[in-house]
Amino acid sequence: MTLIAMEFSSKTMKLLLLWISFFQVLFVVSIVRGERSDTRLLLTRNAVSRERHSEEYCAMYDICGAREDGKVLNCPYGSPSVKPDDLLSQKIQSLCPTITGNVCCSEAQFDTLRSQVQQAIPFLVGCPACLRNFLNLFCELTCSPHQSTFINVTTTAKVKGNLTVSGIDFYASDAFGEGLYESCKDVKFGTMNTRALNFIGAGAQNFTEWYAFIGRRAPLDVPGSPYAMIFKPTAPESSGIKPMNVSTYSCGDISLGCSCGDCPQSPVCANTAPPPHHEGGSCAVRIGSLKAKCVDFALTILYIILISMFLGWGLFHRKRERNQTSRMNPLSDIKDSGEVIRKKDENLPAQMVEDSPQTGSRVQLSIVQGYMSKFYRRYGTWVARNPILVLSLSLAVILLLCVGLIRFKVETRPEKLWVGPGSKVAEEKRFFDTHLAPFYRIEQLILATVPDAGAQKLPSIVTEDNIKLLFEIQKKVDGIRANYSGSMVSLTDICMKPLDKDCATQSVLQYFQMDPQNLENYGGVEHVNYCLQHYTSADTCRSAFKAPLDPSTSLGGFSGNNYSEASAFIVTYPVNNVIDKEGNETDKAVAWEKAFIQLVKNELLPMVQSKNLTLSFSSESSIEEELKRESTADVITILISYLVMFAYISLTLGDAPHLSSFYISSKVLLGLSGVMLVMLSVLGSVGFFSAIGVKSTLIIMEVIPFLVLAVGVDNMCILVHAVKRQPLELPLEGRISNALVEVGPSITLASLSEVLAFAAGSFIPMPACRVFSMFAELAVLLDFLLQVTAFVALIVFDFLRAEDKRVDCIPCMKISSSYADTPKGIGGRRPGLLARYMREIHAPILSLWGVKIAVISIFAAFTLACIALTTRVEPGLEQQIVLPQDSYLQGYFNNVSEYLRIGPPLYFVVKNYNYSSESSHTNQLCSISQCGSKSLLNEIARASLTPESTYIAMPAASWLDDFLVWISPEAFGCCRKFTNGSYCPPDDQFPCCSSDTGSCGLGGVCKDCTTCFRHSDLNNDRPSTSQFKEKLPLFFNALPSADCAKGGHGAYTSSIDLQGYENGVIQASSFRTYHTPLNKQIDYVNSMRAAREFSSRVSDSLKMEIFPYSVFYMFFEQYLDIWRTALINLAIAIGAVFVVCLVITCSLWNSAIILLVLAMIVVDLMGVMAILNIQLNAVSVVNLVMSVGIGVEFCVHITHAFSVSCGDRDQRVRDALGTMGASVFSGITLTKLVGVIVLCFSRTEVFVVYYFQMYLALVLLGFLHGLVFLPVVLSMFGPPSRCKLVEKQEDRLSVSLRP
């Protein structure tokens, strides 16, 4: 969602003003110098060398001609200064207070001067010191009575027989030049978010550059001086010339009231504390040449302490154990569990072992487990006797829930996925769109050069051929006609037009007014290079929409201001946006965008590539369209993943394959039925929530089936393996009953833990995570219920089929076989290879003392290392990852990061601005004279001085500043009134300037217009409530022009909400600036955080409601608190598992061990995220919450089997691994592993990164913790055995449970 960082409406209007102002200032200089005179000569008729340089003497007086373009030229004749009449003297004093007594200008000359400088005044009036110094320069040049002492006419030329000035030397001291420049160098032109000197000084960096710009002789029809003027600091003593050294005013002079934004060196501003600069990760510890973060150092010390304590305890415990073993009889070694050493069938669970004909072992279960065991015994018997009823009822319920799918809808709107309804950014966006205007749509092309062979630097894009190519591209874009409901939509129908005429297209073609004929007329590429340096001043460089075009918005790949080195053209088409769909404006834009993308793919791309250039492109709707394509791009991959898991399930559920009995012993039909139950549980969950109006999301459709299948497969394997472990002598209902008694509690414990873990996620404020958790919670619950109902019934049917020697998948076919007579038989008791490995190899290795020490040490080290790595996980979700790898947007986003030199627009929105005279809000917001040093706009300007921490690139454009300047008496060309009090526009606008006659000047209908207010009408240069109310609408309707660049129409049309402003309160107004270029996701997150911190600080200081807004905030608010969201939900999920385990097992010991292992799995997974550069976002948060649910599967079954086993800790670990280890490994680890591996072939990187990599890491970490670390912890710190020796009762079943 990358945005070009420019506000076109604001810019357009101001651009026009700026260009005009610049033109005026230059023209001022020329006219001021070319005034008329009818007095005596300063020069002799034939000798320039006989000048007279003395006080009270003029060097130029009168106008003796004009150039072909109408610019007047002065007479090169000197005369004594003259005494003006009282009226003229008053006029001169009003503009030039330093000129007193005699003058060197007539009334006509002064009127010309006044009409010209008025164009520059709006740029500088916010800083009175700068304005005063600037006016003094031209007042002295035009009217000073001592003009000849610092002006020397050097060359003359004849125009229509009259001698005219063609060149002068202007002697001005360096002190004056330095004072002038220093007072003006930081003055802002708010409309363009840039310095005023960019427009009235060509961006001069010192006073000599400014002088050079002012004195440059302009070609015909080009703004500037009609003759050359060279500024010199000194003159020969014999010449009689003394450099002008009029006193200058410092912008820091408090009496002149320059704002902090215009004068940072002001004493008032210097006392203002700079914005706080937060440096993250600055804490470090240096040990010699090694520098480590504090957290890394602290964790290292902690590890050393813990391992030292653990090793000390281990040695002490080992020594004590050996001493006790040597003194005690082996038969009495029942300290931990009160068990006797006995020989038993290794394939049977510990609960079912008979020790001797007279004695047996009883497992003392918790109250809850006891009731659960009794329930499962009765329930298993009932299901085995009524499988058809159970299967029918369970399927009926789930199918009833699926009926809700008729209301199934998918939510794709980003603001509904990532931002909650009560979200701060959602409220701010709604307020901004409603009261101001929705952000425009962006359509963009980026043409870039490719490096030459062996060259390190990209060649320049600014060539004649490339500009011609760009015109061809523009012609095709202009020719797009998209069909929308039978009507043809073109770019001009939907584009943004600031002044209601021409599209505000941002392209270097604007230097030719988008007209290919001007390419030759203006001089081709040379004209572009000229405009790149003079875009604010040259008339021929202005855009078709009457505004200057900043090269940084249309070029890319350059450094500093070296625009000619640019390696990319950036063409941006801003398109109007609307809040709602009424009028179908958005649909029209989308239709055009689709046609635009199609044109680029089919025609423009081959055209550009044939010229050895690259082309990347995007439209406003591109991301949404590509995401839709992405949602179907990996359907085949996901289906293959599910099919692989299904095939593996079918294989692992069956017995060891034997050719003679394979058709009967296989479990393909049972596995398929189990997978179908998993799918039905997902559909039931989606159906239920769809029925109650909750929309689904793409992440639900992609993740939840995989999640539920992973959990369901585990239960299926455990149930089937438990049934197969039962003695064959028992009837089927007895085997089913015993199997449920054996594994039912652990399945229930694991499933309830998962349900509660996901239920915790339903409290997440982020809609995507909350909805996912809700769907997953119900899906896992339904899956568990189907496992213990429908799937148990299916197991009954499958075992009946096998005992009846019917073929798997074709149960109606019965074959004759000797299989039933084999020693193993159907469901034989001989343990499988994996079970034997777990009992005979894996468990004995883990029981070795050295192995235990190594396992604890390695896992502890890895966990602590992952804690340190977790601090390096960055929030965000790179756009390239979400999109298909073959998407055209991949190249576009790469080019945006490489070429764009300006960031997204940033608005500071002010609520309920009280403009009444009684309120101080005006001075708390503005940044011109008399404004508060800590006002909003001054604070923004100050923040822009440290962009590396504030991410604010420049001062803000301010409608309030421009309005206050517009009504100021000094800006006498702006707010004016007729004699009847009605509004009078500037002299160069209708009706003052007739478009028919071309008559614009001091005469006509506007000759008697006066400024709206005198200084006496204002209170400290501020309007009263009624004056503010009356003039504000006029300002927003005023067009910017040469005579007044401050008109608000176009530039600020959408910057204020005028509804209800008559009450003295403006509900909403905005001040626009820009973020610095944002290339990474962390830049977007940090810029939003910095903007919010800034506005919060300023709001508290000013006691006003101010909030920042940028279009990307909607997508990045989630990342401001993503760590908090993740940690809270993980804590709740793990805590829920702990509570469930504690309630069911009534063992704090067991629950604490499960809690420890789960926490380690989650921490380690986050550490792996840092290693793999996986960012923290909604997808990874969902995966982390899911890791708690899946991690439970690796822990609960082993822990439960350990707690109900008999013997010492090592023996109980061996029993637990022998009975449940194989099921955990085959049913959980391998099943997920084979399904996950398929995802690495996905075409979408988001699947590769967030599903393949994270799921693979989760499976491997779960396996290692569940089958390596957990058994070691249980063997060392596990709870005592619950087995008790009891007298065996002949008539009781072999399993005795006592709550």
Side-chain angles (χ1 to χ4, degrees), residues 14 17-18 21 118 120-135 183-197 199-200 249-266 268-269 272 908 910 913 915 917 919-942 944 954-975 1011-1013 1015 1018-1023 1027-1028 1031-1032 1035 1044-1048 1051-1052 1055-1056 1069 1071-1073 1102:
K14 279 317 179 175
L17 299 178
L18 298 181
S21 298
Q118 74 177 27
I121 286 175
F123 292 91
L124 306 176
V125 70
C127 183
C130 170
L131 178 61
R132 186 71 271 150
N133 294 333
F134 182 80
L135 291 177
S183 66
C184 295
K185 67 178 182 179
D186 294 312
V187 176
K188 309 185 306 293
F189 185 63
T191 309
M192 287 293 293
N193 299 88
T194 188
R195 297 190 311 158
L197 274 182
F199 300 94
I200 64 172
Y249 298 92
S250 169
C251 69
D253 188 340
I254 299 177
S255 64
L256 293 173
C258 290
S259 69
C260 292
D262 292 333
C263 184
Q265 64 267 35
S266 170
V268 177
C269 307
T272 305
F908 287 98
V910 179
Y913 159 41
Y915 63 80
S917 304
S919 172
S920 60
H921 281 187
T922 297
N923 287 338
Q924 287 180 318
L925 295 177
C926 65
S927 64
I928 60 172
S929 175
Q930 308 298 325
C931 297
S933 63
K934 295 186 178 181
S935 68
L936 171 63
L937 292 165
N938 279 331
E939 288 291 338
I940 294 173
R942 193 174 294 111
S944 68
M954 58 187 68
S958 169
W959 68 266
L960 180 57
D961 283 357
D962 283 359
F963 171 66
L964 295 176
V965 169
W966 184 78
I967 64 172
S968 171
E970 281 85 0
F972 43 78
C974 293
C975 183
T1011 58
C1012 293
F1013 304 110
H1015 280 290
L1018 304 175
N1019 181 17
N1020 291 327
D1021 292 332
R1022 297 292 180 262
Q1027 291 168 341
F1028 199 110
K1031 301 305 179 186
L1032 190 62
F1035 167 74
C1044 180
K1046 293 293 185 178
Y1052 298 122
S1055 295
I1056 189 173
S1069 62
F1071 302 94
R1072 184 199 69 253
T1073 180
L1102 302 180

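Just so it is clear, the values below take in all heavy atoms, side chains as well, and ignore hydrogens, waters and symmetry mates. Numbering starts at 1 and runs along the sequence shown. Values in this document were obtained by computation on a predicted structure and should not be read as measured data.
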Verdict with supporting geometry, Leu1032 and Ile1056, side chain to side chain contact (heavy atoms under 4.5 Å, CB included): CA-CA 10 Å; Leu1032 190 62; Ile1056 189 173; 4.0 Å; yes
Side chain to side chain contact (heavy atoms under 4.5 Å, CB included) partners for [X], two or more places apart:
X: Ser917; value: Ser1024, Thr1025
X: Cys1012; value: Cys975, Lys1031
X: Ser944; value: Ile952, Pro955

So do the side chains of [X] and [Y] get within less than 4.5 Å of each other, counting heavy atoms only?
X: Phe1071; Y: Leu960; answer: yes
X: Pro128; Y: Gln930; answer: no
X: Cys184; Y: Leu131; answer: no
X: Phe1035; Y: Ile967; answer: no

Considering only the SG atoms, does Cys127 lie under 2.5 Å from Cys251? no
Residues in side chain to side chain donor-acceptor pair (under 3.5 Å) contact with [X], at least two apart in sequence or another chain:
X: Thr922; value: Tyr913
X: Lys185; value: Glu182
X: Ser1069; value: none
X: Asn133; value: Ser183

Between Leu124 and Cys130, which heavy-atom pair has the shortest distance, and what is it? CD2-SG, 3.6 Å
Is the backbone of [Y] close enough, under 3.5 Å, to the side chain of [X] for a donor and an acceptor to pair up by distance?
X: Tyr1052; Y: Ser958; value: yes
X: Asp1021; Y: Ser968; value: no
X: Thr1073; Y: Met954; value: yes
X: Ser935; Y: Cys926; value: yes

Who pairs with Phe908 by ring pair (Phe, Tyr, Trp, His ring centres under 6.0 Å), at least two apart in sequence or on another chain?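 Per chain and number, Phe908 pairs via ring pair (Phe, Tyr, Trp, His ring centres under 6.0 Å) with Phe1094.
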